[in-house]
2 protein chains.
Amino acid sequence: MFFHIDTKSNAPLYEQIIQQVKEMCAKGLLIPDERLPSVRELSSHMVINPNTVSKAYQELERQGIIVTVRGRGTFISKETDRTIDPGRLKAIREFLKEAVIENYYAGYSKKELIELLEEVYEEMEGKTDEN
Amino acid sequence: MFFHIDTKSNAPLYEQIIQQVKEMCAKGLLIPDERLPSVRELSSHMVINPNTVSKAYQELERQGIIVTVRGRGTFISKETDRTIDPGRLKAIREFLKEAVIENYYAGYSKKELIELLEEVYEEMEGKTDEN
DNA sequence: GAAAGTGTATTATGGAGATTAGTACACTTT
DNA sequence: AAAGTGTACTAATCTCCATAATACACTTTC
């Protein structure tokens, strides 16, 4: 249920938490109404500051991924309103563009990149939307 | 021939330069042996510090994208050794994974994501490897 | 050879963001 | 009442980004 931090990564700790929660949701490893570790619990387990965990949770709530209830805890949103963020499409294109550029330098073809994309989808274990 | 900086972006200036050079190479807008603006020229044109441009160029050379010649200038590599970086594949997978996750929250299907990838490829104007 | 233009190296400085630390508050459950 | 929840606040530290100013080694041009 907990997360891992990559000290070699240059990504901030709170962003790593955000990324992993979203990934687990997309994979179906976290389901609606499921409870996340409390701020203090997670921070002591990861040996990081509670503020850092709180910052991650607050951003996740801003994105509509989770819901926090005072005194009770934080939970995965019932129906993640899948269209909240208008900049989402732009972000997707950006990620794809970077993938294409790196793919160019790796010497792979477009076909191979698509196959790689299929692979990544497989790893998501079909828990996301099928087809 | 010059680059544009996005002040709204949180990406460092030197990374924006790197990204744009690589993108233009992949698009075929920069060809082997073509000369890049000199450090001083580019820095004064972009109104940024020469050191920042230099940092970008040095990282590009480390990746094998460009070659610098003392007293002459910096040029696009003849044959970009397309396999230099072993971490390249991992990077591609990471970009794809992030795209898939955001795609999930955008409510798009796998088919739609692949179509989006095709679109991004189109925008590269077929200057990269065909098929 | 002198001048102008190239990339590079060095040191110092300021600013922004990430993270930690400590404390306090409001709420809910038991 | 006690323990556990998220939250708010201030302060300090650290790292990275970017700037500034200067100097050096090299190449091309005149």
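Below, chain A is the first sequence line, B the second, and so on; all start at residue 1.
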Problem set entry | Residue pair B:Glu115, B:Lys111: steps toward the salt bridge (Lys or Arg N to Asp or Glu O under 4.0 Å) verdict | CA-CA 6 Å; B:Glu115 283 170 4; B:Lys111 183 155 166 278; 3.7 Å; yes
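- Between the CD atom of A:Glu61 and the C1' atom of D:dT7 there is a distance of 11 Å, given to the nearest Å.
- Closest to the B:Thr52 side chain, of the nucleotides D:dA18, C:dT20, D:dT7, is D:dA18.
- A search for side chain to side chain donor-acceptor pair (under 3.5 Å) contacts involving A:Thr68 returns A:Glu61, not counting sequence neighbours.
- Sorted by first and then second residue, the ring pair (Phe, Tyr, Trp, His ring centres under 6.0 Å) pairs involving residues 46-65 of chain A (not counting sequence neighbours) form an empty list.
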For this session: Treat a base pair as Watson-Crick or G-U wobble with both distances under 3.5 Å, then lay out DNA chain C in dot-bracket form, 5' to 3', with | for cross-strand pairs.
Result: ||||||||||||||||||||||||||||||
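- For D:dT7, the OP1/OP2 oxygens have a side-chain nitrogen or oxygen of A:Thr68 closer than 4.0 Å.
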Seminar exercise, completed: Under a 4.0 Å heavy-atom criterion, the protein footprint on nucleotides 13-18 of chain C, written with B, S and -, is -----S
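- Under the side chain to side chain donor-acceptor pair (under 3.5 Å) criterion, B:Lys78 pairs with B:Asp33, sequence neighbours left out.
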Under 3.5 Å, side-chain donor or acceptor atoms of residues 69-77 of chain A against the rest of the protein: list the pairs with distances, not counting sequence neighbours.
residue, atom, partner, partner atom, Å
A:Ser77, OG, A:Gly64, O, 2.9
A:Ser77, OG, A:Ile65, O, 3.1
A:Ser77, OG, A:Ile66, N, 3.4

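- In this structure, B:Leu42 atom CG and C:dT6 atom P are separated by 12 Å, rounded to whole Å.
- Going from atom CZ of A:Arg35 over to atom P of D:dG4 covers 12 Å, rounded to whole Å.
- Partners of A:Gln58 under the side-chain contact (heavy atoms from CB on, under 4.5 Å) rule, at least two apart in sequence or in another chain, are A:Ser54.
- Residue B:Phe95 shares its hydrophobic cluster (ILVMFWY side chains chained together at separations under 4.5 Å) with A:Phe95.
- B:Ser38 has a side-chain polar atom (N or O) that falls below the 4.0 Å cut-off from OP1 or OP2 of C:dT6.
- The interatomic distance linking A:Asn10 (CG) with C:dT19 (C1') rounds to 16 Å, in whole Å.
- Scored by the side chain to side chain donor-acceptor pair (under 3.5 Å) test, B:Glu112 finds B:Ser109 as partners (sequence neighbours excluded).
- Straight-line distance from the CD1 atom of A:Ile48 to the C1' atom of D:dC14: 17 Å, rounded to whole Å.
- One can place OH of A:Tyr57 at 11 Å from P of D:dT5, the figure rounded to the nearest angstrom.
- A:Ser43 meets the side chain to side chain donor-acceptor pair (under 3.5 Å) test with no other residue; sequence neighbours excluded.
- Judged as a side-chain contact (heavy atoms from CB on, under 4.5 Å), and not counting sequence neighbours, the contacts of B:Lys55 are B:Tyr14.
- Computed from coordinates, the B:Met46 CE to D:dA18 P distance equals 10 Å when rounded to whole Å.
- Remark: P of C:dT10 and CD of B:Gln58 are 11 Å apart, rounded to the nearest angstrom.
- Not a single donor-acceptor pair under 3.5 Å links the side chain of B:Glu102 to the backbone N or O of A:Leu89.
- Ranked by how close their nearest DNA chain C nucleotide is to the 5' end, A:Pro50 and B:Val39 are led by B:Val39.
- Side chain of B:Gln20 to backbone of B:Ile17: no donor-acceptor contact under 3.5 angstrom is found.
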Seminar exercise, completed: Protein-proximity profile, nucleotides 21-30 of chain D, B/S/- by nucleotide at the 4.0 Å heavy-atom cutoff, equals B-B-BBSS--
